[in-house]
Amino acid sequence: MANGNGARKLPGQLVTIERHILERQKLHPDATGDLTRILQDIALAGKLIASHTTQAGLAEVLGTTNEINVQGEEVQKLDEISNDILFRLNDHTGRLAAMVSEEASDILHIPDKYPTGKYVLSFDPLDGSSNIDYNVSVGTIFAIHRRKSPIGERGTLEDCTQKGRDIVAAGYILYGSSTMFVYSAGHSVNGFTLDPQIGEFILSHPDIKIPAKPKYFSANLGYQQHWSPGVQKFTGWVQGEDGGPELGLRYIGSMVADFHRTLLSGGIFYYPANIHDKKRPNGKLRLLYEVNPLSFIMEQAGGAASDGHQSPLDIQPNGLHHRTPFFVGNKELVAQAEKFIEQYG
Ligand code: P6P
């Protein structure tokens with residue numbers, strides 16, 4: 001924003017993410033500052049990843065590494081770079097017991113030469129990466145839990161497969177027309193926009209709440225014939241059948257972007273199971289580092305999340321890459337989806 005003399009007009013109260021996280025720390029008298037510093041490290045990772053995603057079309061990072069990851073998906077170079085940035089910024093700090101990444105089949109242990117700490121960090125380093133070559137927004141998603149095993153030992157699978165209900169902080173970074181960092185540590189949801197000229201995330205969306213009036217529904221209608229009868233009924237209802245709300249459709253195919261728009265505009269995003277896909281009976285999205293962090297954010301913002309029957313946050317993960325159907329957005333819309341599924345299967 002430029003005012004009369006062309007000088008850039010700064011937002012009224014200039015709150016950087018570092019300041020905001022530190023101020024939130026005061027809400028936890030017993031806080032040691034570890035969680036604060038983990039969040040600050042993730043914000044730094046976001047700045048570094050953003051510097052790559054904005055040049056993806058120019059630098060050699062475009063294209064794939066021709067490797068296949070644990071998900072059976074082609075690993076895009078930016079996936080690997082983002083994964084390395086997040087791992088290397090966190091592996092030596094002594095704040096984490098272990099890490100979980102979409103890009104790694106097993107737990108990412110802290111190297112023996114470094115101390116372990118009291119938190120577990122799970123992340124999808126670059127969700128939506130299949131869209132990188134089309135210059136579509138992509139995102140990083142993360143969740144932080146307290147470890148359950150004794151400090152000082154290597155993190156365990158039990159530490160890494162805790163319910164989303166026990167998340168202490170979660171958020172996402174959206175690399176879009178601007179780079180945004182949105183997080184919650186359990187009190188409210190706050191959004192920060194990166195000012196590339198000063199390299200700071202500035203508070204731009206304080207205390208985000210999903211609007212009461214829904215605007216869009218967001219799903220890949222290309223798969224509609226593979227959805228259960230209940231989900232198909234719900235999809236007709238959101239478009240006005242049986243007195244439904246007749247919402248517009250927006251689908252980017254990059255979940256962080258689709259989720260962020262749903263959070264700010266109101267509506268529902270859903271990725272149901274494909275009932276004809278024996279390989280993926282529970283859909284495509286992963287519980288630990290995609291669905292749970294976004295469910296945590298949406299609940300903090302006054303919305304709801306479901307796997308079609310219950311909040312994903314109440315599901316006991318059956319492994320690091322547990323997949324689940326996902327419905328997220330306004331409470332009434334999520335509840336209606338659950339009703340149709342209960343009634344029609
Ligand atoms: P489809 C991206 O690969 C992703 O994991 C999510 O970001 C996105 O919501 C979904 O897959 C898109 O999948 O099958 O609609 O292309």
Side-chain angles (χ1 to χ4, degrees), residues 49 53 56 63-65 67-80 82-83 100-105 122-143 170-176 180 182 216-228 231-232 235 249-265 267-295 297-298 305-308 312 320-329 334 337:
I49 294 169
T53 53
T64 68
T65 59
E67 285 165 32
I68 300 293
N69 69 9
V70 65
Q71 318 294 340
E73 295 161 348
E74 221 166 42
V75 180
Q76 308 270 343
K77 283 180 183 170
L78 233 49
D79 267 356
E80 264 187 6
S82 306
N83 194 59
V100 176
S101 170
E102 191 230 17
E103 294 299 324
S105 54
S122 309
F123 53 84
D124 182 352
L126 209 63
D127 178 77
S129 54
S130 53
N131 295 296
I132 289 171
D133 289 353
Y134 314 125
N135 199 22
V136 169
S137 301
V138 290
T140 297
I141 315 172
F142 67 90
Y172 58 87
I173 305 163
L174 176 59
Y175 311 101
M180 275 199 74
V182 179
Y216 302 117
F217 78 103
S218 185
N220 188 339
L221 296 187
Y223 302 148
Q224 193 165 357
Q225 73 277 15
H226 299 300
W227 294 342
S228 71
V231 178
Q232 296 197 9
T235 302
L249 169 63
R250 288 286 188 280
Y251 191 73
I252 299 167
S254 197
M255 181 163 62
V256 176
D258 281 319
F259 177 87
H260 185 68
R261 183 205 52 250
T262 303
L263 178 66
L264 296 188
S265 70
I268 186 167
F269 167 85
Y270 52 107
Y271 200 102
N274 170 342
I275 55 172
H276 305 123
D277 182 347
K278 298 290 168 268
K279 283 199 319 289
R280 286 183 183 168
N282 292 316
K284 176 180 186 180
L285 301 177
R286 276 62 56 126
L287 179 63
L288 254 63
Y289 40 76
E290 292 177 330
V291 172
N292 272 344
L294 299 183
S295 300
I297 292 283
M298 185 55 81
S306 176
D307 67 348
L320 299 179
H321 305 292
H322 180 141
R323 294 179 192 269
T324 174
F326 188 33
F327 300 76
V328 65
V334 172

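Order of appearance sets the numbers: ligands from 1, and atoms from 1 within every ligand.
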Under 4.0 Å from one or more heavy atoms of Asn220, ligand 1 contributes atoms 1 (P), 15 (O)
- Is there a donor-acceptor pair closer than 3.5 Å between any side-chain N or O of Arg323 and the backbone N or O of Lys284? yes
min-distance protein heavy atom vs atom 11 (O) of ligand 1 -> Lys284 NZ, 3.0 Å
4.0 Å heavy-atom contact, Asp127 with ligand 1
yes
Problem - Backbone of Pro125 reached by a side-chain donor or acceptor of Thr140 within 3.5 Å - result: yes
Worksheet entry | Gln232 side-chain N/O to Gln224 backbone N/O, donor-acceptor pair under 3.5 Å | yes
- Query: Is the side chain of His321 donor-acceptor paired with the backbone N or O of Ser105 at a distance under 3.5 Å, no angle test?
  - Reply: yes
For Gly128, the ligand 1 atoms with a heavy-atom partner under 4.0 Å come out as 2 (C), 7 (O)
heavy-atom search around atom 14 (O) of ligand 1 in the protein gives Tyr271 OH, 2.6 Å
heavy-atom search around atom 8 (C) of ligand 1 in the protein gives Gly253 O, 3.5 Å
Residues passing the salt bridge (charged side-chain N to carboxylate O under 4.0 Å, His left out) test with Arg261, sequence neighbours excluded, are Asp258
Flag Val256 as yes when one of its N or O atoms lies below 3.5 Å from any N or O atom of ligand 1, and as no otherwise.
-> no
of all protein heavy atoms, closest to atom 15 (O) of ligand 1 is Tyr251 OH, 2.6 Å
(Q) Is the distance between the ring centroids of Tyr270 and Phe327 under 6.0 Å? (A) yes
Per-atom filter on ligand 1: closer than 4.0 angstrom to a heavy atom of Phe269 are 9 (O)
Within 4.0 Å of some non-hydrogen atom of Ser254, the atoms of ligand 1 are 7 (O)
Sequence neighbours excluded, the answer for side-chain hydrogen bond (donor to acceptor under 3.5 Å, both in side chains) partners of Asn83 is Ser101
